[in-house]
Participant: 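Below: one structure in structure tokens.
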Amino acid sequence: MTTANGVQGGLGGIGKEQGGELTGPAVIEAAKCAFARALIENMTGMFAEWPSDWTGKIRAQLAPTAGIPNLWEAANLIGACFNAVKVSNVTRTRCVEAITAIREFQGRLARESKVPTTVVFGTSGWREAIGEGFTLENVHKVARGIIAMMKSPEFLTTCGYGDFSQVRAAGVLVFRDNRYMGDAFKAAAMQELAAEGIRIHDAGECPTGVGSALLTELKAAGSINFTPSHNPMEYAGIKFNPADGGPADINLTSLIETHANALMRPEASGQPASTASSGTSSAGFSPASADYAPLRSPVDGAKRFTAFVAEKSKVFNLAALRAWLRERASELFIVVDNMHGSSRGYIQDLLGPETMSRLESAGSIRFFNTVDDYSFHGVKPEPNAKNQAALIVELKRSGRRLTLAVALDPDADRIRFGDADLDIDMNRFGAIAFANILRRGLPGGLATTVPSSGFASEIARVEGRNVYETAVGFKNFRAPLAGGQAVMAYEESDGISFTGHTLEKCALAGLLAALDAMSQSGRNLSDLYVGLRARYGYFYPGKGGADVKGVSVEAWQRYKDEVMKVLEGGLVKAGDALQVGPARKTVERVNIADGLKVVFADRSWILLRPSGTEPKFRYYYEVVGETELSDAETLLRYYGETAAALLDSARKKVAPVQ
């Protein structure tokens, strides 16, 4: 018998036979094992249609030789398989049903589990897998930790409040992306806010950059944004931004961690459970259940953001861009991948009904992936070359003179570009956008990050503009953006913003910058890029990484700290010679401001650092030439191999992750 989940055997009832609600580790482990066994039985027919290597990978997650099943990883592999392997429509449907069943089982865990976690705010917020660390109970604790932080002298002083009563009156903005259980998690935070009498501004489904603008427009005290950004389907997350709209810095996020983790394990914090929280549950914690309706005010994010850009932008003339789009509609073709995310509808509002009507009547704009899909049709929902390829095919088919593809991640803080001739990541676009700013004569320097390409920085230096290089994270751009020293800030991971816009990365600002560069020049982005390379040099960036699978938050934190201690502790020194392909290259200098960056005399470099958003090591590298390099692809492979070898060398010097 097939259930509503599409899985035989009545999986919706699993867990009940293990003592009712799935609250503690033992009963959760038993329920996962029972669920996985039933899922394997249901998928036997599908396994027969797949190559054996895929079947083996999925079975290894559902029935590991040691430990408990990793259901979310199985879901990711099922999605990857039906995108990589040609299967029948029936099998594809059953794959989707299997992913849905896993998601709903994990959702049940998220609603019922009382298992605590360790809260870590990485580069951009707290992120964990739904039903694992990210549960309703733990969201209540983190929200309460945020409120405790907002009562602290550190927050009140930073944001200019005399006391917490002013925070209550200013209120907190809450919003979410399109992820599974987003409304339930948001409601948990609103209950905690209401219990403290804090005014609530609810923007519903809203992009991260838009929320940053709304925060300053509403003059709210802070925002709680439910998103894990570009992470895979299993993740949920929380970002907190203070009143200026920028991401919270470590002085505030460390306080959130301290308060939230004390609530997770009050006995470990030195507090009696009664002082850590007022409840009588098994963990000594009782989630707030306050009625938030009297304190909640809905916010029309799209309308307010459009007004913000039209009236306050220092970089974009929205009326002029709209007029150019209408005038050139017959020559243009624009494709947008919303990636099933919170940017849906916001671009239409930003361009306005008159412009949208003209573009649509001329067949000049198309939107893709606009429906709800919590599994993101089985792919990792990030703007990357693989996901962008289909958009570029559409542009080529159009035959139009001016073409533009943009892909936005689920919370629309990242964006990738392209036209009919070239896929354009942020390393390329950063140079294009900053050169356009120079062409327009706008004042200000450039803010960028250690892993980003040196192309835009080279343009800035040649043209006499200051360059502010920081560690990864938009929070590190606060000073140069807020102070007006930088007119533009970007990082290679597809985030961008501008002075007078927001202190948070904003994909919609990236879209406006692309349209502005095209309207100012009358040319495609690839044409602009080719011209810039001929003038300023040829920069070839690349990157890779190594996932660390199946580890707890605590184990990952310990392991990555140990590995980075080796990398930053003299593994490579100035004057050392490294083998890069067939060449021995001498290290000119080493930079440990954000990981280990090894710079060679020819301006090429390698950087290794841990991800701040997921258990993964990342490595970056770049080759530079005065003329176009015919062997760039081969050179990049060599640099990637050297980076991977350096990482492996460091990992071998520490104990294996447990």
Side-chain angles (χ1 to χ4, degrees), residues 109-152 154-155 167 172-177 179-196 198 200 208 211 221-229 231 234-242 247-266 268-269 271 273 276-279 281 283-290 292 411 552-554 557 612-614:
L109 294 184
R111 292 179 176 89
E112 298 178 10
S113 173
K114 307 300 181 187
V115 178
T117 189
T118 298
V119 176
V120 176
F121 271 68
T123 302
S124 187
W126 168 53
R127 303 178 189 185
E128 288 198 62
I130 297 169
E132 304 299 323
F134 211 95
T135 64
L136 281 174
E137 173 122 335
N138 290 341
V139 167
H140 276 278
K141 293 174 182 176
V142 172
R144 197 172 295 182
I146 290 171
I147 294 167
M149 177 276 296
M150 296 179 79
K151 294 179 179 179
S152 71
E154 180 73 23
F155 177 82
V167 174
V172 170
L173 174 69
V174 293
F175 56 103
R176 62 172 178 82
D177 65 7
R179 299 280 179 148
Y180 181 57
M181 288 185 66
D183 279 330
F185 292 134
K186 182 163 67 73
M190 291 194 291
Q191 287 174 322
E192 295 293 335
L193 294 168
E196 290 284 350
I198 299 170
I200 299 167
T208 288
S223 66
I224 300 176
N225 173 12
F226 284 88
T227 180
S229 190
N231 281 35
E234 68 264 34
Y235 279 89
I238 287 179
K239 297 180 182 182
F240 176 81
N241 287 24
D249 211 337
I250 192 170
N251 65 321
L252 301 183
T253 57
S254 62
L255 289 174
I256 299 172
E257 291 172 356
T258 297
H259 290 297
N261 287 323
L263 292 169
M264 295 291 170
R265 297 176 178 86
S269 71
Q271 302 180 62
S277 63
S278 58
S281 72
F285 177 84
S286 179
S289 57
Y292 52 78
D411 71 317
S552 67
V553 174
E554 299 88 346
Q557 294 300 315
T613 60
E614 55 190 314

Participant: Which residues satisfy the side-chain contact (heavy atoms from CB on, under 4.5 Å) test with A248, sequence neighbours excluded?
Facilitator: F240, P242, L252, T253
Participant: Is a donor on one side and an acceptor on the other found under 3.5 Å between the side chain of N231 and the backbone of T613?
Facilitator: yes
Participant: List the residues meeting salt bridge (Lys or Arg N to Asp or Glu O under 4.0 Å) with D249, not counting sequence neighbours, and say none if there are none.
Facilitator: none
Participant: Identify the heavy atoms of V167 and F155 that sit nearest to each other, and give their distance.
Facilitator: CG2-CE2, 4.0 Å
Participant: Could you please spell out the steps behind the side chain to side chain contact (heavy atoms under 4.5 Å, CB included) verdict for V172 and I224?
Facilitator: CA-CA 7 Å; V172 170; I224 300 176; 4.0 Å; yes
Participant: ring-ring contact (aromatic ring centres under 6.0 Å, His included) with Y180: which residues, sequence neighbours excluded?
Facilitator: Y374
Participant: Mind checking whether R176 and F185 have side chains closer than 4.5 Å, heavy atoms only?
Facilitator: no
Participant: Could you tell me whether a side-chain N or O of T117 sits under 3.5 Å from a main-chain N or O of V119, the two making a donor and an acceptor?
Facilitator: no
Participant: Does some side-chain heavy atom of E196 sit less than 4.5 Å from a side-chain heavy atom of M150?
Facilitator: no
Participant: Drop me the distance from I198's CD1 to M190's CE, to the nearest 0.5 angstrom.
Facilitator: 13.0 Å
Participant: Can you tell me how far CE of M264 sits from NZ of K141, rounded to the nearest 0.5 angstrom?
Facilitator: 5.5 Å
Participant: Counting N and O atoms only, with roles assigned by atom type, does the side chain of E192 sit under 3.5 Å from a partner on the main chain of R144, one being a donor and the other an acceptor?
Facilitator: no
Participant: Using a 3.5 Å distance criterion without hydrogens, assess whether the side chain of R127 forms a donor-acceptor pair with backbone atoms of P228.
Facilitator: yes
Participant: Measuring only between side-chain heavy atoms, which start at C-beta, is L193 closer than 4.5 Å to V174?
Facilitator: yes
Participant: For the side chain of N138 and the backbone of V115, is there at least one donor-acceptor N/O pair under 3.5 Å apart?
Facilitator: yes
Participant: Mind listing the closest non-hydrogen atom pair of A195 and A290 along with its distance?
Facilitator: N-CB, 3.7 Å
Participant: Pair F121, I256 - check side chain to side chain contact (heavy atoms under 4.5 Å, CB included), show working.
Facilitator: CA-CA 8 Å; F121 271 68; I256 299 172; 3.6 Å; yes
Participant: Kindly indicate whether the side chain of K239, heavy atoms from C-beta on, has any atom under 4.5 Å from the side chain of T227.
Facilitator: yes
Participant: Would you say that F226 contacts I238 through its side chain, given a criterion of any heavy-atom pair below 4.5 Å between the two side chains?
Facilitator: yes
Participant: Side chain to side chain contact (heavy atoms under 4.5 Å, CB included), that's the test. Do M149 and T258 meet it? Break it down for me.
Facilitator: CA-CA 9 Å; M149 177 276 296; T258 297; over 6 Å; no
Participant: So which heavy atom on Q191 is nearest to which on A288, and how close?
Facilitator: OE1-O, 3.4 Å
Participant: On a heavy-atom basis, which atom in A236 and which in I130 lie closest, and how many Å separate them?
Facilitator: CB-CG1, 3.7 Å
Participant: How long is the straight-line distance from CG of L255 back to CD1 of I146, given to the nearest 0.5 Å?
Facilitator: 12.0 Å
Participant: Do the rings of W126 and F134 sit parallel, tilted or perpendicular, given the 30° and 60° boundaries?
Facilitator: parallel
Participant: On a heavy-atom basis, which atom in A188 and which in L136 lie closest, and how many Å separate them?
Facilitator: CB-CD2, 4.2 Å
Participant: Look up atom CZ in R179 and atom OG in S229, then write down how far apart they are to the nearest 0.5 Å.
Facilitator: 8.0 Å
Participant: Would you check if V139 and P287 make a side-chain contact, meaning some heavy-atom pair closer than 4.5 Å?
Facilitator: no
Participant: Roughly how far, to the nearest 0.5 Å, is OG1 of T208 from CG of D177?
Facilitator: 7.5 Å
Participant: Is I147 close to K151 at the side-chain level, that is, under 4.5 Å between some pair of heavy atoms?
Facilitator: yes
